[in-house]
2 protein chains.
Amino acid sequence: MSKASIDAIDRKILQHLIRNARMPFLEIARECGISGAAIHQRVKKLDEMGVILGSRLEVDPKKLGFDVCALIGIRVSDPSRYENTVETLKQIPEVVECHFITGEYNMMLKVYCLNNEHLMQILFEKILTIDGVLKTETFISLVQSFSRQIDVKYLE
Amino acid sequence: MSKASIDAIDRKILQHLIRNARMPFLEIARECGISGAAIHQRVKKLDEMGVILGSRLEVDPKKLGFDVCALIGIRVSDPSRYENTVETLKQIPEVVECHFITGEYNMMLKVYCLNNEHLMQILFEKILTIDGVLKTETFISLVQSFSRQIDVKYLE
DNA sequence: GTTGAAAGTGTAGGCTA
DNA sequence: TAGCCTACACTTTCAAC
């Protein structure tokens with residue numbers, strides 16, 4: 001994976017859209033002193049380069065009834081089972097994030113559940129039943145203090 | 001935190017915008033059989049209700065040169081230090097996520113660094129120097145297999 | 001990079017249940 | 001009163017320059 005070459009205007013575009021994906025391009029354009037169409041073309045270029053992966057509306061899980069967030073460490077018996085395990089986890093909509101990590105556990109998941117019963121069901125019926133899953137540890141996220149994206153200003 | 005009352009059209013709006021925050025409202029409108037203005041009004045209402053927290057452009061950290069992602073567990077000496085610890089962590093731009101969790105560690109962070117040296121610097125100079133931080137454990141994220149939002153279809 | 005035309009957004013004022 | 005509509009000025013998108 002090669003590092004992309006990004007100039008000051010690209011950074012300004014990313015910096016704004018990372019905070020607000022629906023920010024008007026014309027507003028960014030006025031700040032940069034170029035036309036809205038130019039911003040549009042740069043965003044398209046950053047998208048084609050793979051720098052931009054997409055955009056997302058951020059919703060409050062609690063407002064939608066998802067009262068439980070948990071991080072789950074998983075120990076898988078052997079590397080040959082990793083791919084199958086990821087594919088199975090991807091089919092579980094409650095699992096929103098999945099990392100391969102170093103340490104006692106091979107994988108770390110982030111899951112959102114409606115309540116503790118729902119979490120228990122996901123853990124016992126969906127995760128512990130996957131072939132090769134030896135052991136799990138559940139860390140309940142009591143509060144998510146903050147969540148944001150990397151700071152593009154860094155790259156200046 | 002009360003669960004918001006969301007109807008089928010609201011769910012359809014969220015379902016689309018969660019995947020693509022810049023999806024044209026008119027496209028959603030045609031699918032729902034109402035006007036673009038009505039979609040706009042519903043999005044505004046969901047925003048005011050706190051269901052929508054914002055929107056974000058999703059970028060590829062690797063393309064921007066951030067080659068190392070790690071999850072860091074932190075043990076803090078006593079609860080009176082929690083607030084100060086969060087505030088200090090918020091000042092570190094490399095820390096993109098912060099949870100209070102159950103288990104051996106009180107907090108779990110997600111950090112993005114340019115390389116291992118950078119991670120070491122953040123860990124030793126920025127995190128271990130915070131008052132009350134007793135112990136940390138770093139889980140390097142070798143691969144982030146997937147990352148997405150909760151599935152609104154659930155709420156049907 | 002620019003311009004300009006077609007499509008989409010956001011807001012105001014009004015209609016209907 | 002809530003939720004939809006149309007109207008219209010501004011913004012986005014895309015092709016041609």
Side-chain angles (χ1 to χ4, degrees), chain A residues 2-65 148-149 152-153 155-156, chain B residues 1-60 63-65 148-149 152-156:
Chain A
S2 59
K3 184 175 164 178
S5 60
I6 303 284
D7 70 6
I9 293 177
D10 290 331
R11 274 200 301 274
K12 197 139 215 155
I13 293 170
L14 292 175
Q15 186 190 322
H16 280 116
L17 294 180
I18 278 174
R19 280 181 190 48
N20 173 15
R22 289 195 80 101
M23 179 169 179
F25 286 2
L26 264 184
E27 211 170 310
I28 304 171
R30 281 187 288 258
E31 218 177 285
C32 297
I34 57 178
S35 70
I39 301 292
H40 183 261
Q41 285 159 16
R42 277 169 175 268
V43 168
K44 197 177 165 197
K45 184 200 70 188
L46 289 166
D47 193 18
E48 285 162 357
M49 285 164 75
V51 172
I52 294 174
L53 297 173
S55 64
R56 287 189 198 170
L57 198 74
E58 205 189 343
V59 294
D60 184 343
K62 289 209 196 313
K63 289 276 185 188
L64 296 175
R148 59 191 182 194
Q149 286 250 69
V152 179
K153 280 188 194 166
L155 307 171
E156 275 163 22
Chain B
M1 178 88 66
S2 60
K3 183 174 163 180
S5 60
I6 301 284
D7 71 5
I9 293 178
D10 289 332
R11 274 199 300 274
K12 197 139 215 156
I13 293 170
L14 293 174
Q15 184 189 324
H16 280 116
L17 295 179
I18 278 174
R19 282 183 193 31
N20 173 15
R22 288 195 81 100
M23 179 168 178
F25 287 1
L26 264 184
E27 211 171 308
I28 304 171
R30 281 186 290 257
E31 219 178 284
C32 297
I34 57 177
S35 72
I39 300 293
H40 184 266
Q41 286 158 10
R42 277 169 174 268
V43 169
K44 197 177 164 197
K45 184 198 68 188
L46 289 166
D47 193 16
E48 285 163 357
M49 285 165 73
V51 172
I52 294 174
L53 298 174
S55 65
R56 287 188 199 171
L57 198 72
E58 205 190 344
V59 295
D60 184 344
K63 290 277 184 186
L64 295 174
R148 59 191 180 194
Q149 285 251 67
V152 179
K153 281 187 191 167
Y154 239 88
L155 307 172
E156 278 164 20

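When reading the values below, keep in mind they use all heavy atoms of this one structure, side chains included, and skip hydrogens, waters and symmetry mates.
When side chains are defined from C-beta on, B:Ile9 does not count as touching B:Ile28, because their heavy atoms never get closer than 4.5 Å. A heavy-atom distance below 4.5 Å is not found between the side chains of B:Lys63 and A:Met49.
No engagement by A:Glu27 is indicated, since no non-hydrogen atom pair under 4.0 Å with the nucleic acid exists.
Between A:Ile28 atom CD1 and C:dG1 atom P the separation is 14 Å, expressed in whole Å. Rounded to an integer number of Å, the gap from CG of B:Asp47 to C1' of C:dG10 is 14 Å. A:Leu26 places its CG atom 13 Å from the C1' atom of C:dT3, with the value rounded to the nearest Å. Here the P atom of nucleotide C:dT11 and the CD1 atom of B:Ile39 are 16 Å apart, to the nearest Å. Protein atom CZ of B:Arg42 is 17 Å distant from nucleotide atom C1' of C:dG10, rounded to whole Å.
Along DNA chain D, read 5' to 3', the first and last nucleotides having any atom under 4.0 Å from a heavy atom of chain A are D:dT11 to D:dA15.
In terms of position along DNA chain C, the nucleotide closest to A:Ser35 lies nearer the 5' end than the nucleotide closest to the other residue of the pair A:Ser35 and A:Arg22.
Contact annotation: B:His40 side-chain N/O to C:dT9 OP1/OP2 distance is not under 4.0 Å. Between B:Arg30 and C:dG8 there is a side-chain N or O to OP1 or OP2 distance below 4.0 Å.
Here A:Ile13 contributes atom CD1 and B:Leu57 contributes atom CG; the two are 10.0 Å apart, rounded to the nearest 0.5 Å. The CD1 atom of A:Ile34 sits 4.0 Å away from the CD1 atom of A:Ile39 when rounded to the nearest 0.5 Å.
With B:Ser55 as reference, A:Asn20 is the one residue of A:Leu17, A:Asn20, A:Val59 to meet the side-chain contact (heavy atoms from CB on, under 4.5 Å) rule.
Checking side-chain atoms of A:His16 against main-chain N and O of A:Lys12 turns up a donor-acceptor pair under 3.5 Å.
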